[in-house]
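Note that the structure is predicted; figures quoted are calculated from it, not measured. Counting starts at 1 for both ligands and their atoms, in listed order.
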Amino acid sequence: MKEQLRQIEETAVAAISSCTDLRALDELRVKFLGKKGELTAILKQMGKLSAEERPAMGQLANQVRAALETAVSEKSAALQEAAKAAKIAAESIDVTMPGKRPAVGRLHPLQIVENEIKEIFLGMGFSVADGPEVEYDYYNFEALNLPPNHPARDTQDTFYITENILLRTQTSSVQVHVMENQKPPIRVIAPGRVYRSDAVDATHSPLFHQIEGLVVDKGITMADLKGTLELLMQRLYGDDCKIRLRPHHFPFTEPSAEVDVMCFNCHGEGCRVCKGEGYIELLGAGMVHPKVLEGCGIDSEVYSGFAFGLGLERIVMRRYNISDMRLLFENDMRFLEQFR
Ligand code: PHE
């Protein structure tokens, strides 16, 4: 029995000292010291010993148990210490490493220029109005003096939700909403998306953006229109920028004009960009038609107004020298990342 005890002590101590993880250590503890363990099995045989042998053997058994318990607890402490050290090493941070820069987004070129134009008009005392993109026929056409079957509707074919509801073809619809809800003096711009049933090419898109302008007050004349637009263009393209008004026709303005801006490339001399004209067509404008004013409950004998509508894409393309409108809608990051 003495031999057996020595044997157990020797194998157990060896196994414990070469053990490398806490789970295995616990298994060894159970194997040697547990209720059904090897040491217990031997102690159960003590009853077979004579009364003289028993005390010495009992003492030896206790020594072996104490030795094994110490070995297990020392090993356990050492393994826990090592695990903690490994965890700290794994979690340590190199504070000298350069940080990761968060990717900062940018504004779309259309938004950049829209913001700029808004700022210019806010500086002139305008406020910004908004209107629905899904619109009644009435606001998009009829109230703007374009009754059903008016031939000018053909140039603004759009997408219909029902016979009466459509995607607006022009921000001019916002003019009507504003005049219905607000009495003069009125000074607003209305930027937003508009839609037309056009095929996509370098200069056309079924979705594009306009900025509408509307001023209604006593004594507003064409001179106010010209002065306002000239200031806008000078802010956008430089102080020497001039504009030119050409007679045109819009059903909701009378008189109407198309507004050309001096070519940014040749300053009016005539070059390839402006096809020798010296000027580039940029927007439509005119004096608000008395019928439109009256339809919105504004007395056209007392008040007059001007309105204009400019295409945002055109201005952005001029500004950044972009030759294909599709670039503005394709969302290619290589393109978009160039704008600040
Ligand atoms: N809404 C017109 C268009 O889309 C532009 C315009 C606006 C003309 C206001 C005159 C006055 O072509």
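Salt bridge status for R319 with E116: present, with a side-chain N to carboxylate O gap under 4.0 Å. One finds no salt bridge joining D21 and K75 here, because no Lys/Arg side-chain nitrogen approaches an Asp/Glu carboxylate oxygen to under 4.0 Å. Ion pairing between a basic and an acidic side chain is recognised when a charged N comes within 4.0 Å of a carboxylate O; R196 and D198 show no such pairing. Ion pairing between R23 and D26 fails under the 4.0 Å rule for side-chain N and carboxylate O. A salt bridge is defined here as a Lys NZ or Arg NE, NH1 or NH2 lying under 4.0 Å from an Asp or Glu carboxylate O, and E27 with K31 fails to meet this definition.
Looking only at heavy atoms of the protein, atom 12 (O) of ligand 1 is closest to F250 CE2, 3.8 Å.
Which parts of ligand 1 touch R196 is read off a 4.0 Å heavy-atom cut-off, strictly below it: atoms 3 (C), 4 (O). Each of the following atoms of ligand 1 lies closer than 4.0 Å to a heavy atom of F252: 1 (N), 2 (C), 6 (C), 7 (C), 8 (C), 9 (C), 10 (C), 11 (C). Residue-ligand proximity, G309 to ligand 1, at heavy-atom distances under 4.0 Å covers atoms 6 (C), 7 (C), 9 (C). The contact set between ligand 1 and Q210, taken as ligand atoms under 4.0 Å from a residue heavy atom, comprises 3 (C), 4 (O).
With ring centers used as reference points, Y139 lies under 6.0 Å from H177.
Within the 4.0 Å heavy-atom criterion, neither part of S256 lies near ligand 1. When non-hydrogen atoms are compared, ligand 1 lies under 4.0 Å from neither the backbone nor the side chain of M287.
Residue Q175 places no N or O, backbone or side chain, under 3.5 Å from any N or O of ligand 1.
Counted by atom type alone, E313 and H209 present one or more donor-acceptor pairs between their side chains at under 3.5 Å.
Nearest residue to atom 9 (C) of ligand 1 from R168, Q170, E212 is E212 (criterion: closest heavy atom).
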